[in-house]
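On a predicted model such as this, the values are computed, not experimentally measured, just so you know.
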Protein chains: 2
Amino acid sequence: MASAEPLRVVAQRLGSLPPPCAHCDARERNFCAALDPAELAELAKVMTEATLPPGGVLFHEGAPADYVMNVTDGAVKLFKLLGDGRRQILGFRFAGDFIGLSAGADYSYSAESLTEAKLCRFPRRKLDAVRERFPQLDRRLLSLSIDELTAAQEQLLLLGRKTAEERLVSFLILLSQGQVRRGQTADPVVLPMTRSDIADYLGLTIETVSRTFSALKKKGLIELQDTTHIHLVDRDRLEEMASGLA
Amino acid sequence: MASAEPLRVVAQRLGSLPPPCAHCDARERNFCAALDPAELAELAKVMTEATLPPGGVLFHEGAPADYVMNVTDGAVKLFKLLGDGRRQILGFRFAGDFIGLSAGADYSYSAESLTEAKLCRFPRRKLDAVRERFPQLDRRLLSLSIDELTAAQEQLLLLGRKTAEERLVSFLILLSQGQVRRGQTADPVVLPMTRSDIADYLGLTIETVSRTFSALKKKGLIELQDTTHIHLVDRDRLEEMASGLA
DNA sequence: CGTAACTTTGAAAGAGATCAACATTCGTGG
DNA sequence: CCACGAATGTTGATCTCTTTCAAAGTTACG
């Protein structure tokens, strides 16, 4: 099964990587970061780029998982549906994030773009071939997968045990941290998603999300510059609330 | 970083594996299944076995993640706590399941045994050394990690969007499937956990769990042989309910 | 067999959902 | 550039599912 090809072991796993994967800049959650230039060149050969309009479909739950992809620009939502249409958003993905690893042959959730989004797509079959030859890619994917699992578990805590207010505060802080990770400013939190998306991520209704924003504003904890830009006035207090300190 | 030692590539990745990892029989979710006997021997050298009484602590959230482990007998719960003590159970683990991979240096959740439980523990440092030399182990761990992530995402849907009745039904079916995976019978579903554990897994209170069991019984969908053995009377209807068909 | 822990059931209360109306934003085309 | 209509967001009133509070059964075990 595993090939016995000589491994090209390269220490430089970070550092800026030029042309090959130009649109895949070396973010933390970008799996390209595990590869040296020679390996990237291999991947670049099988990579295709795509731009989706807002609301565009990346793939549907149950479809053959033929591609994995990196978001290189914009924002994407991942979600699952129940039989009667109830929706749960599993998470949002931004520039630098990786999408599409699947346990079986099919995607286990759907993905749609929130804004206009740019993607690098890799045929799964081709990626598997590269993985055979560069085992450190599996290590990198494992690391990404564990990070994603850890985030999902944090969200289980949120959905199972937090109040509406705690959920919204946790969400704002999570987004703020994501902005910092991507090299943006922590503070005016930008919401590229609708209230409906926020509600379906937090297990609430749009009305409760809206009311909770208003309540936080009245308490002086946040300020809504406009619908999509939130200023966190008292971050310490908000962090405290998010961690469930009565 | 990665050693350039010659890899011993062995096709036989399944099949029964004798002594080395005797208590780790080759279940689907057992990472040992990725290894050939020679590799298993290496792991066996650094492995220690442990038996925990009911309610025993495997590790606490925030503690150094010095060990990964396989459950070889019994049942274990994984959970996170909020500042004021609210608890969310992330999942239950049974014989054959793997526990303890962590994104950072510390565990991101706590683990306690439900019943008396037997474990094989591997020092993480030693395991990392074995991973360096046998990259297919990373592939195996990646596969396990993706399975776990997929299960967590299904649970997000449950916690965010399902009713109490749908949650409990989904839980029973999940347990039933787990029993089948471990080679046990599908039908009398065995509940090694308390109502309190079930409630904290499903994002409910013990009273709601109890009332919902009673309601399902009254509807003739289940029968409680005793508190811990549930007979699924109308499995098709239950599956339908779990998938959220109005 | 008695006591503590767990489970079930009942009654009251509450957080968030639903139903409804109004406000605001945004895209489109006159 | 502004007007209009649709989509999105906010606020209010009411309802309901689940929680909370309370107490009675049941089980496990020393």
Side-chain angles (χ1 to χ4, degrees), chain A residues 53-55 77 82 84-89 114-116 158-171 190-219 222-230 241 244 246, chain B residues 53-55 77 82 84-89 112 114-116 158-169 171 190-219 222-230 241 244 246:
Chain A
K77 61 186 170 196
L82 285 174
D84 63 358
R86 277 172 285 172
R87 183 178 68 153
Q88 179 63 38
I89 292 189
L114 241 41
T115 61
E116 178 173 287
L158 180 149
L159 291 175
R161 289 300 179 221
K162 291 187 186 178
T163 65
E165 192 169 66
E166 289 166 344
R167 292 181 199 200
L168 192 56
V169 168
S170 300
F171 177 60
V190 181
L191 305 176
M193 67 291 288
T194 65
R195 295 291 188 264
S196 177
D197 287 332
I198 297 173
D200 283 350
Y201 180 59
L202 299 179
L204 303 169
T205 59
I206 55 176
E207 294 93 333
T208 298
V209 169
S210 187
R211 271 187 254 276
T212 306
F213 270 124
S214 301
L216 290 172
K217 189 170 69 174
K218 192 149 71 179
K219 290 185 188 175
I222 65 171
E223 278 166 18
L224 285 80
Q225 300 173 1
D226 62 76
T227 319
T228 61
H229 293 79
I230 316 277
M241 289 170 66
Chain B
K77 62 186 170 196
L82 286 175
D84 63 357
R86 278 171 287 171
R87 183 179 69 154
Q88 178 62 39
I89 291 188
E112 291 181 8
L114 242 41
T115 61
E116 177 172 289
L158 180 150
L159 292 175
R161 289 299 179 222
K162 291 187 185 176
T163 65
E165 192 170 67
E166 289 166 344
R167 292 181 199 199
L168 192 57
V169 169
F171 177 60
V190 181
L191 305 175
M193 66 291 290
T194 65
R195 296 290 189 262
S196 177
D197 287 332
I198 297 173
D200 283 351
Y201 180 59
L202 299 179
L204 301 169
T205 59
I206 54 175
E207 294 94 332
T208 298
V209 169
S210 187
R211 272 187 253 275
T212 306
F213 270 124
S214 300
L216 290 171
K217 190 170 67 174
K218 193 150 70 179
K219 290 184 188 177
I222 65 171
E223 279 167 15
L224 284 80
Q225 301 173 2
D226 62 76
T227 319
T228 60
H229 293 79
I230 316 277
M241 290 171 66

What is the distance, rounded to the nearest whole Å, between atom [atom1] of [X] and atom [atom2] of [N]?
| X | N | atom1 | atom2 | result |
| --- | --- | --- | --- | --- |
| A/I206 | C/dA17 | CD1 | P | 11 Å |
| B/K218 | C/dT9 | NZ | C1' | 11 Å |
| A/F213 | C/dG16 | CZ | C1' | 17 Å |
| A/K217 | D/dT11 | NZ | C1' | 11 Å |
| A/L202 | C/dA15 | CG | P | 18 Å |
| A/D197 | D/dG9 | CG | C1' | 13 Å |
| A/I198 | D/dT8 | CD1 | P | 13 Å |

How far does [atom1] of [X] sit from [atom2] of [Y], to the nearest 0.5 angstrom?
| X | Y | atom1 | atom2 | value |
| --- | --- | --- | --- | --- |
| A/T212 | A/L204 | OG1 | CG | 6.5 Å |
| B/D200 | A/R161 | CG | CZ | 4.5 Å |
| B/F213 | B/L191 | CZ | CG | 5.0 Å |

Starting from the C-alpha separation in whole Å, work towards a yes-or-no answer on side-chain contact (heavy atoms from CB on, under 4.5 Å) for A/L159 and A/R167.
CA-CA 8 Å; A/L159 291 175; A/R167 292 181 199 200; 4.1 Å; yes
Mark yes or no for a side-chain to base donor-acceptor pair under 3.5 Å between B/E165 and D/dC17, with no hydrogen or angle criteria applied.
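In this structure, the two groups form no donor-acceptor pair.
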Counting heavy atoms from C-beta on, name the nucleotide in C/dT18, D/dG9, C/dG16 closest to the side chain of A/R195.
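Within the option list, the nearest is D/dG9.
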B/E207 side-chain proximity, nearest of C/dT8, D/dT11, D/dC21
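My answer, after comparing the listed nucleotides, is D/dC21.
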Could you check whether [X] gets within reach of a base, just the sugar-phosphate, or nothing at all, counting any heavy atom under 4.0 Å?
| X | answer |
| --- | --- |
| A/S210 | base |
| B/T208 | base |
| A/L204 | sugar-phosphate |

Give a yes/no on whether any side-chain N or O of A/S214 is located under 4.0 angstrom from OP1 or OP2 of D/dT11.
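Yes, within the criterion.
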Is any side-chain nitrogen or oxygen of A/R211 closer than 4.0 Å to OP1 or OP2 of C/dG16?
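So the side-chain polar atoms of A/R211 never come under 4.0 Å of the phosphate oxygens OP1 or OP2 of C/dG16.
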Nearest nucleotide by nearest heavy atom, which residue falls closer to the 5' end of DNA chain D, A/R161 or A/T228?
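The answer here is A/T228.
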Is there side-chain contact between A/R87 and A/D197, with heavy atoms separated by less than 4.5 Å?
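Result yes, sub-4.5 Å side-chain heavy-atom pair found.
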